[in-house]
Every structure is written in structure tokens, then in C-alpha cells.
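Read the structure below first, then the notes.
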Amino acid sequence: VAAMIPAASRIAIRRIAALSGPRAQASLLGARPFTSLGETLTSKERAEEARYIRLREKAAMEARKEAAKGDKDLEDAMHDAAGIIAATHDKLSHEALLNLAKWKLGRIS
């Protein structure tokens, strides 16, 4: 009978027979029956890191949205100031117009 079973199968059968109880079943299925405290803490650390990264990305996105809104407000204020200056046929440099718009928005005291 032994001659009919390939050598690799005989080795596998011996190993399975050597194992006993639920630990054997878990190892046969590829699962680990007991996890250590270190593994548990490592998985929790990974989850916390992922949560922290998501919060940082969300904060960065909100900051970019606020900056874009601020830039739009500044452009609108510059356009308004340029319209008033053009109505009086006066001329201002771009920097002066930018400073005037910032002053109008309260960004310069």
C-alpha cells in the first residue's frame, strides 16, 4: 500500500497525523489559532495611523478650499477696486491694487 502513495503525500499524511486538536485544524486552514498581544497592538496601531492620515488629508483639503475661496475674494476685491480706479481715469500698479484689495478685505491693518 505504501508503494502506491507518492512520497509527498506520505509526508503530508504524517504531519497531519502528528497534529492534534483545534490547533491542527487552524493550521491546516492557514489561520493562526492564538494571536499575541503584540499582533493585536500592531493592528490597532495601523488602524490609528490610517485614521490619523485620513484626518490630516481632510484638514489639508479644507485648507486648500479656504485658500481658494480667499483667492476668489481677493480677485473680486481687486476687480472692484480696478473698476473704481478706472472710472476716475487714475492708474495704479498691480502691487498697489493688490494692497488696496487686501486692505478692503481687512487683511492689512
**Item:** Pairwise distance CG(Leu92) to CG(Asn99) - rounded to 0.5 angstrom
**Value:** 10.0 Å
**Message:** In the structure I gave you, are the side-chain heavy atoms of His94 and Met78 within less than 4.5 Å of one another anywhere?
**Reply:** yes
**Item:** For Ala82 against Leu97, the heavy-atom pair lying closest together
**Value:** N-CD1, 3.7 Å
**Message:** How long is the straight-line distance from CG of Asp73 back to NZ of Lys102, given to the nearest 0.5 Å?
**Reply:** 13.5 Å
**Request:** To the nearest 0.5 angstrom, please state how far the CD1 atom of Ile84 sits from the OG1 atom of Thr88.
**Result:** 9.0 Å
**Side-chain heavy atoms of Ile85 within contact of Lys91, under 4.5 Å** = no
**Asked** Taking atom CD of Glu66 and atom CG of Asp71, what is their separation to the nearest 0.5 Å?
**Response** 11.0 Å
Show me the donor-acceptor pairs within less than 3.5 Å that the side chains of residues 45-65 make with the rest of the protein, sequence neighbours left out.
from: Tyr52; atom 1: OH; to: Arg56; atom 2: NH1; distance (Å): 3.2

